[in-house]
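The structure appears right after this line, and notes come after that.
Just so you know, residue 1 is the first one in the sequence shown, and it goes up from there.
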Amino acid sequence: MTEAEQDKAPDLSALEQEGEIAADYVEGLLDIADIDGDIDMDVEGDRAVVSVVGVKSSELVGPGGEVLEALQELTRLAVHRQTGERSRLMLDVAGYRERRRAELTKLGTEVAHQVKEKGEPKALQPMTPFERKIVHDAVAAAGLRSESEGEEPQRYVVILPA
């Protein structure tokens, strides 16, 4: 591995530390809210991933994942407060993000095929950055281009013909 590659490679111990800080923070929130759930930690690529599993209700996800997004931001702030570094940590509850990833990949692929057939751009509903990234990846895999337009929180993906 070259020195430049080492500089770009994620620091595994730092990501594991982020995961541990985040897991402790989320566990504290679960205790305060008297919600039963187990915490799993992992590192995927260049980010720590903390998952709450075994949760029976969807109150930690909320409509459209709004509560989950808020919890993720709070958790990232808790990590930042302890490490002084910006965190790209991903928080998942009861497999919501994986299910959403599958839905959005399917949507991106289907709309890309529609755009190929009609030759006209198609705008999707506003999405979070996580959701837009999944759609962009699916569109690229289908051989088309996409762009994000608008301002947060109303930022959306436009799929463009070839």
Does any pair with a residue in residues 114-142 pass salt bridge (Lys or Arg N to Asp or Glu O under 4.0 Å), and if so which ones, sequence neighbours excluded? R100-E131, R132-E152, K133-D137

Rounded to the nearest 0.5 Å, what separation is found between the CD1 atom of I39 and the OG atom of S51? 8.5 Å

Excluding I21, membership of its hydrophobic cluster (Ile, Leu, Val, Met, Phe, Trp, Tyr; side-chain heavy atoms within less than 4.5 Å) reads V79

Check for me, please, whether Y156 and L160 land in the same ILVMFWY cluster - side-chain distances under 4.5 Å, paths through other members count. yes

Measure the CG-CZ distance between D92 and R99 for me, rounded to the nearest 0.5 Å. 7.5 Å

How would you list, by chain and number, every residue that makes a side-chain contact (heavy atoms from CB on, under 4.5 Å) with D38, sequence neighbours excluded? V53

State plainly whether the residues R101 and E98 are in salt-bridge range, i.e. N to O under 4.0 Å. yes

Calculate, to the nearest 0.5 Å, the distance between atoms CZ and CD belonging to R86 and E18 respectively. 10.0 Å

Does the side chain of S87 pick up a donor-acceptor pair with the side chain of H80 at under 3.5 Å? no

Grab the two heavy atoms, one from M41 and one from G19, that are nearest each other, plus how far apart they are. SD-O, 3.1 Å

Counting distance only, does the side-chain N/O of R145 pair as donor-acceptor with the main-chain N or O of P161 below 3.5 Å? no

Are the side chain of Q72 and the backbone N or O of L91 linked by a donor-acceptor pair below 3.5 Å? yes

Residues passing the side-chain contact (heavy atoms from CB on, under 4.5 Å) test with E66, sequence neighbours excluded, are P63

Do the non-hydrogen side-chain atoms of E59 and V67 ever get within less than 4.5 Å of each other? no

Using residues 30-37 as the side-chain source, report each donor-acceptor pair under 3.5 Å to any protein atom, sequence neighbours left out, with the distance given to one decimal.
none

Donor-acceptor contact present, side-chain R155 to main-chain G150, <3.5 Å: yes

Quick one: do L89 and V43 end up in the same hydrophobic cluster if we chain Ile, Leu, Val, Met, Phe, Trp and Tyr together by side-chain heavy atoms under 4.5 Å apart? no

Using a 4.5 Å cut-off between side-chain heavy atoms of Ile, Leu, Val, Met, Phe, Trp and Tyr, which other residues end up in the same hydrophobic cluster as V115? V49, M90, L104, L107, V111, L124, M127, F130, I134, V135, V139, L144, V157, I159

Quick one: are Y25 and L74 in side-chain contact, heavy atoms under 4.5 Å? yes

How far does CD of Q17 sit from CG of L12, to the nearest 0.5 angstrom? 12.0 Å

Any non-hydrogen side-chain atom of V26 less than 4.5 Å from a side-chain atom of L71? no

Can you check whether G28's main-chain N or O pairs, donor with acceptor, with D24's side chain at less than 3.5 Å? no

Quick check for you: to the nearest 0.5 Å, what is the distance between L15 atom CG and R88 atom CZ? 9.5 Å

